[in-house]
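Computed from heavy atoms alone, side chains included, the values below leave out hydrogens, waters and symmetry copies. Just so we're clear, the structure is a prediction, and the values are computed from it rather than from any experiment.
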Amino acid sequence: MIVELKKDYMEIFGQEPERAFFAPGRVNLIGEHTDYNGGNVFPCALNIGTYGLVKERQDNKIRLYSKNFNSLGVIEVSLDNLDYDKIHDWANYPKGVISVLKKAGYEIKTGFDVLFYGNIPNGAGLSSSASIELCTAIILNNIYNMNIDKVERVKYCKQAENEYIGVNCGIMDQFIIGMGKENCAVLLDTNTITYTYVPLILKDALIVIANTNKRRTLADSKYNERRGECNRALESLQKVVNINNLCDLNLDLFEKYKSSIEDEVCMKRAHHAISENERTKKAVKVLKEGNLEAFGMLMKASHDSLKDDYEVTGKELDTLVELAWKQEGLIGSRMTGAGFGGCTVSIVKEEYVEEFIKNVGIAYKKEIGYEADFYKVKVGDGTREISI
Ligand code: GLA
């Protein structure tokens with residue numbers, strides 16, 4: 001991979017790159033739509049992600065090129081003007097991170113030429129945007145010796161996504177992409193930012209990601225709408241109980257206080273967040289005990305809650321998950337990420353994986369009219385410099 005990217009770099013920028021970096025994509029195993037409600041999430045980093053090859057320049061220009069968007073060519077900006085510009089398309093993600101770090105007072109003396117290449121399917125809900133953000137943050141940190149703590153980098157990238165890009169996401173994606181560890185998932189308490197690495201011992205099973213290939217139009221606005229509904233539920237609850245986040249309540253306490261939420265939709269959203277938080281904690285417990293079957297059943301309950309209470313699944317995701325549950329060798333399956341299209345994550349016994357992909361693939365096409373894509377992924381390390 002790197003050899004080929006070095007050639008591309010040479011062709012585009014006319015010189016050799018000096019350093020190379022990698023930021024993974026992510027998949028969330030359980031704990032969906034809890035990260036902006038002060039709850040727990042349980043994601044892992046993937047072995048696919050974004051590569052960034054770079055060389056410093058002597059002037060204040062930054063030239064950015066993505067092999068994934070080659071028709072857009074080299075995008076050139078100056079360190080003196082890093083404002084969001086629609087015309088810069090994908091390059092607004094790295095620009096956002098550079099801008100946030102600069103505003104935070106980090107010194108960027110000169111510009112650089114950077115080539116990005118991502119092998120995460122774009123817009124599929126595996127966090128290609130957080131991946132390029134974290135890749136940019138490590139590039140700046142390492143080439144300009146900024147010495148920014150890893151968790152701080154994660155927070156700056158989230159800030160770029162929230163304030164510069166305008167998507168009001170929680171911290172999960174940036175966190176796991178920055179902090180992931182090979183063969184481990186991370187239990188992250190998003191309220192306190194305390195985290196534990198949990199070895200992902202799947203015995204004879206593999207993680208299979210299936211992409212609905214549904215176009216995710218309006219996903220960002222629907223995401224922000226769900227956040228608003230959760231906030232309204234929280235405001236109602238705060239009139240009767242002293243809490244800062246929905247996930248400060250367990251299900252018993254929620255039952256006690258839920259009548260304070262007048263709006264039925266908001267009540268359902270809150271029920272999802274709180275029940276999902278409990279499921280996530282249980283899921284980690286049973287996984288540690290080696291009870292994969294119980295883990296799978298919690299994945300099922302998670303999907304049902306996202307479908308019925310949170311209403312972020314839709315026909316394509318539901319079809320993939322329903323088909324998955326009909327296959328032999330299936331341990332668990334659910335939608336992953338924000339929803340409204342995107343991907344499902346399934347844990348499938350290795351000997352049944354090929355059959356699983358074939359059967360689900362055929363039946364999905366028959367039902368939906370177009371194909372799903374499948375990825376057998378491995379759990380990899382978080383963002384890092386790689387040798388060039
Ligand atoms: C997106 C957001 C995350 C999280 C998930 C849903 O991936 O970026 O912060 O809220 O949706 O769990």
May I ask you to check whether over 12 heavy atoms, not counting those of [X], lie within 6.0 Å of atom [atom1]?
X: Glu293; atom1: CD; answer: no
X: Lys358; atom1: NZ; answer: no
X: Gln238; atom1: CD; answer: yes
X: Glu76; atom1: CD; answer: yes
X: Asp80; atom1: CG; answer: yes
X: Lys181; atom1: NZ; answer: no

With a 4.5 Å limit on heavy-atom distance, are the side chains of [X] and [Y] in contact?
X: Lys300; Y: Asp304; result: yes
X: Met172; Y: Pro43; result: yes
X: Phe69; Y: Asn122; result: yes
X: Phe295; Y: Phe42; result: yes
X: Leu53; Y: Phe13; result: no
X: Leu246; Y: Arg269; result: no
X: Lys258; Y: His271; result: no
X: Val27; Y: Cys44; result: yes

Just how far is it from atom [atom1] of [X] to atom [atom2] of [Y], taken to the nearest 0.5 Å?
X: Arg63; Y: Asp113; atom1: CZ; atom2: CG; result: 4.0 Å
X: Asn28; Y: Thr280; atom1: CG; atom2: OG1; result: 7.5 Å
X: Asp373; Y: Asn213; atom1: CG; atom2: CG; result: 4.5 Å
X: Leu5; Y: Ile388; atom1: CG; atom2: CD1; result: 9.0 Å
X: Lys214; Y: Cys343; atom1: NZ; atom2: SG; result: 13.0 Å
X: Ser129; Y: Glu161; atom1: OG; atom2: CD; result: 4.5 Å

Using ring-ring contact (aromatic ring centres under 6.0 Å, His included), reason through Tyr223 and Tyr36 one step at a time and then give a plain yes or no. CA-CA 11 Å; Tyr223 181 90; Tyr36 48 86; 5.5 Å; yes
Does the pair Glu4 and Lys67 meet the rule for a salt bridge (Lys or Arg N to Asp or Glu O under 4.0 Å), with working shown? CA-CA 11 Å; Glu4 200 188 314; Lys67 208 180 155 175; 2.9 Å; yes
Exactly one candidate in Ile2, Asn68, Thr50 meets side chain to side chain contact (heavy atoms under 4.5 Å, CB included) with Tyr117; the answer is Asn68
Can you classify the ring geometry of His33 versus Tyr310 as parallel (below 30°), tilted (30 to 60°) or perpendicular (above 60°)? tilted
If we count only N and O atoms by modelled type, under 3.5 Å, do the side chains of [X] and [Y] hold a donor and an acceptor together?
X: Asn245; Y: Asn37; answer: no
X: Thr34; Y: Glu276; answer: no
X: Asp308; Y: His272; answer: no
X: Glu355; Y: Gln327; answer: no

Would you list the pairs meeting ring pair (Phe, Tyr, Trp, His ring centres under 6.0 Å) in which at least one residue belongs to residues 353-382, sequence neighbours left out? none
Selection residues 171-202 - residue pairs positive for ring pair (Phe, Tyr, Trp, His ring centres under 6.0 Å), sequence neighbours left out: Phe175-Tyr195, Tyr195-Tyr197
Thr383/Arg153 under side chain to side chain donor-acceptor pair (under 3.5 Å): CA gap, chis, key distance, verdict: CA-CA 11 Å; Thr383 303; Arg153 266 184 252 162; over 6 Å; no
Set out, in order, the CA-CA distance, both residues' side-chain angles and the distance that settles side chain to side chain donor-acceptor pair (under 3.5 Å) for Arg279 and Ser302, then state yes or no. CA-CA 7 Å; Arg279 271 189 293 276; Ser302 166; 4.8 Å; no
